Amino acid sequence: MNRIVYIGMDVHTSNYTLCSLDPGYGVKKDNYFAEVQFTNNFVTNVVNYVSNLKKKLKDCEFVCGYEAGCLGYSTYKDLTKAGIKCVIMAPSTMAVQKGGKKVKNDRRDARVIAQCLAYQTYKEVYVLSEHDEAVRGYLRMRDSHKKELKRIKQQIIAFCTGHGLFSPTKSNWTVAHLKWLKGLKFNDPVEQEIINEYLSSYTYLCDKIKAMDVRIEVLASEKQYCENVKKLRCIKGIETNVALTLLAEIGDFNRFSKPTDFAAYLGLIPGEQSSGDKVRGTGITKAGNSTLRQKLTEAAKGYWRGRIGMKSATFKKFEKELPKEVTEYALKANTRLQRKFFNMTHVKGKNMNVAASACAREMACFVWGLITNHYDKAPAVPKTDEELLDLNLG
C-alpha cells in the first residue's frame, strides 16, 4: 500500500495555513513537515505545494482536508478539479483538546486538522451537486427575505405604538389592518414620510416573496424533484417550500442508513448528560442542520388542528397520482403524528413546543422512509368512521 501524507489546511479569506503529516501508525513517531502559509493565489499555491511534495516524496498519496466554514465547497471543487483528493470536515465531529486551547494560532489549527484527517477522528461533510447547491441558495434567500419582512412588520407596529396609535382590528396584517395603516395621518411631515417608507418596504417585500414562491413552484416541478415533492406534500404540514428545502439541503437521503440517523443529523433526538449511576436526559441536541430542524418543527405544529385520519385536499390530489403504498404510508404518518400530538398536549398536558419537537422527530423518520422507499411494510390504515372515531377519542 502506498504511503499517505495528510495535509491539514486552516483556511480563511485572508490566508491559508498548511501542515503536512506523515503518520507513524506505531512504527515511528508522527512526522510533521512543510508547514507553510499563503496570503494570495490560495488554490494555485496549494496545487504547487502538493506538486513539489510529490517530486520529493516518491510513491506517496496526498489527502487534503479543511473545516467547513464560510468558503463552502469552493476550495474542495477547485482542488478536486486539479486532481487533488480533498475532504471537508464537520467541525463539531472533530477530536479537539478539551478544556480550551491555551495557545491558538493558524499553524496549530492546521496541525490539529492534519491529525484528525490522518486518524479519521472526524465526519466528512456531504458535498451537494451544483444544482442542489443553487436551489438551496435560492430557498435560503427566500427565507432571508421572510425574516426581513418580519422585522419590518415589528418596526411598523413599534412606530405606531410609540405614537399612541393602536389598530382597531382584531388581527394585524389583514386587509382591514393595512387599510388602517395606509390611512394614518401625522402632523409632522417627517413622521408621515417614515410610515410611508415602512409601508413601501412592506409592500416590496411581500411582492418579492410572492414572486419567489412562484419560482419555487417551477423549481419543484423539475424532473429530479417532482416525484419526491409530491410524496412529501402528502405529509400534513409540508408544503412545496419545505419539501424542496428537504431535498436540496440533504441531496442524497441514502447516506443515512436508518431513520434515526437522519433525525440525529437534524438535531431532533434527545440529548443525555449521564455520569456514573446517574442517568439524566436533556432536551433535543440541536446539532446539525438548523434550517431543516426549524422547518419540520413549524410543520409539526399544524397537527394541533383537524380531525385525526382525515385526508386534506392536497392529499386527495396527489393520491390519484402516486402509488398506493406511498399514500398509505403517508396517511399512516399523518394519523400517527396527529394522534401523538393530541395525546401529548391534551392527555399528558405537555407544552405545545415539546409536542412539536417530538412530532418533528417522527416526521423526519417518515420523510426518510418516503424518499428511500422504505414503506412496503406499512400497516393497514383504519378505513371506517368507527375506527377513526376511536383514534380521535384516544
Side-chain angles (χ1 to χ4, degrees), residues 139 143 220 225 227-271 283-312 314-315 318-319 322 325-346 348 350-375 377-379 381-382 391 394:
L139 291 163
D143 290 342
Y225 300 124
E227 191 71 17
N228 285 331
V229 167
K230 289 180 181 179
K231 288 181 180 179
L232 293 176
R233 290 202 61 192
C234 288
I235 297 181
K236 184 181 175 70
I238 296 183
E239 298 297 331
T240 303
N241 182 293
V242 179
L244 190 59
T245 302
L246 281 162
L247 298 174
E249 291 273 352
I250 299 301
D252 182 15
F253 278 80
N254 289 309
R255 59 194 175 103
F256 303 102
S257 59
K258 51 187 178 180
T260 49
D261 289 345
F262 178 53
Y265 171 77
L266 301 181
L268 287 169
I269 62 171
I284 59 174
T285 62
K286 294 185 179 180
N289 195 309
S290 59
T291 300
L292 294 182
R293 179 172 64 252
Q294 179 183 1
K295 287 188 177 293
L296 286 182
T297 304
E298 289 296 324
K301 289 181 180 179
Y303 285 108
W304 75 274
R305 62 182 178 272
R307 185 182 175 189
I308 298 175
M310 282 192 66
K311 298 179 181 179
S312 65
T314 303
F315 186 95
F318 293 119
E319 189 176 23
L322 295 171
E325 60 267 22
V326 175
T327 54
E328 284 188 351
Y329 185 82
L331 186 57
K332 171 202 170 186
N334 293 337
T335 304
R336 175 184 174 90
L337 291 173
Q338 200 160 5
R339 187 179 187 188
K340 182 182 182 71
F341 197 97
F342 178 86
N343 285 336
M344 290 188 71
T345 54
H346 291 76
K348 297 181 180 179
K350 296 287 186 181
N351 181 278
M352 183 176 178
N353 292 328
V354 174
S357 296
C359 289
R361 179 168 58 253
E362 290 200 19
M363 185 189 289
C365 296
F366 280 112
V367 165
W368 179 88
L370 275 176
I371 302 302
T372 57
N373 300 329
H374 285 78
Y375 42 71
K377 295 183 180 180
V381 180
L391 289 176

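Computed from a predicted structure; not experimentally measured.
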Is there a side-chain contact (heavy atoms from CB on, under 4.5 Å) between Val326 and Lys230? Walk through the geometry before answering. CA-CA 10 Å; Val326 175; Lys230 289 180 181 179; over 6 Å; no
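- Listed for the Trp304 side chain is no donor-acceptor partner under 3.5 Å among the backbone atoms of Met352.
- Under the salt bridge (charged side-chain N to carboxylate O under 4.0 Å, His left out) criterion, the residue pairs touching residues 352-374 are Arg336-Glu362, Lys340-Glu362, with sequence neighbours excluded.
- Counting only heavy atoms from C-beta outward, the side chains of Leu292 and Ile250 approach each other to under 4.5 Å.
- Side-chain N/O atoms of Asn373 and Lys231 include a donor and acceptor closer than 3.5 Å.
- With sequence neighbours left out, Asp252 forms a salt bridge (charged side-chain N to carboxylate O under 4.0 Å, His left out) with no residue at all.
- Looking at residues two or more places apart in sequence or on another chain, you find no salt bridge (charged side-chain N to carboxylate O under 4.0 Å, His left out) involving Lys286.
- Using a 4.5 Å cut-off on side-chain heavy atoms (C-beta onward), Thr327 and Phe315 make contact.
- Applying the salt bridge (charged side-chain N to carboxylate O under 4.0 Å, His left out) criterion to Glu298, with sequence neighbours excluded, gives Lys301.
- A donor-acceptor pair is defined here as one N or O able to donate and one able to accept, closer than 3.5 Å; no such pair exists between the side chain of Gln338 and the backbone of Gly302.
- With rounding to the nearest 0.5 Å, the separation of OG in Ser312 from CD in Glu319 is 10.0 Å.
- Annotation for Cys365 and Tyr329: closest pair O-OH, 4.1 Å, computed over non-hydrogen atoms.
- Pairing each heavy atom of Leu266 with each of Ala364, the nearest pair is CD1-CB, 3.9 Å.
- Of all heavy-atom pairs between Thr345 and Ala355, the closest is CG2-CB, 3.7 Å.
- One finds the CD1 atom of Ile371 at 12.5 Å from the CZ atom of Phe256 (value rounded to the nearest 0.5 Å).
- A heavy-atom distance below 4.5 Å is found between the side chains of Val367 and Ile238.
- Heavy-atom minimum distance, Ala360 versus Ala300: N-CB, 3.8 Å.
- For the atom pair OG of Ser357 and CG of Leu296, the computed distance is 11.0 Å after rounding to the nearest 0.5 Å.
- In this structure, CG in Leu244 is found 11.5 Å from CZ in Arg233, a value given to the nearest 0.5 Å.
- Rounding to the nearest 0.5 angstrom, the gap separating the OG1 atom in Thr240 from the OH atom in Tyr225 is 14.0 Å.
- Between Leu337 and Lys236, every side-chain heavy-atom pair lies at or beyond the 4.5 Å cut-off.
- Between Tyr303 and Phe341, the distance separating the two ring centers is not shorter than 6.0 angstrom.
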Verdict with supporting geometry, Val242 and Leu232, side-chain contact (heavy atoms from CB on, under 4.5 Å): CA-CA 9 Å; Val242 179; Leu232 293 176; over 6 Å; no
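- Residues meeting the salt bridge (charged side-chain N to carboxylate O under 4.0 Å, His left out) test with Lys350, sequence neighbours left out: none.
- Identified under the side chain to side chain donor-acceptor pair (under 3.5 Å) test for residues 255-268, with sequence neighbours left out: Ser257-Asp261.
- Test Lys295, Gln294, Arg293 against Thr291 for side chain to side chain contact (heavy atoms under 4.5 Å, CB included) and you get one pass: Lys295.
- Looking at heavy atoms from C-beta onward, Ile235 lies in side-chain contact with Asn334 at the 4.5 angstrom threshold.
- Judged purely by atom type and a 3.5 angstrom limit, Asn228 has no side-chain atom pairing as donor or acceptor with the backbone of Leu370.
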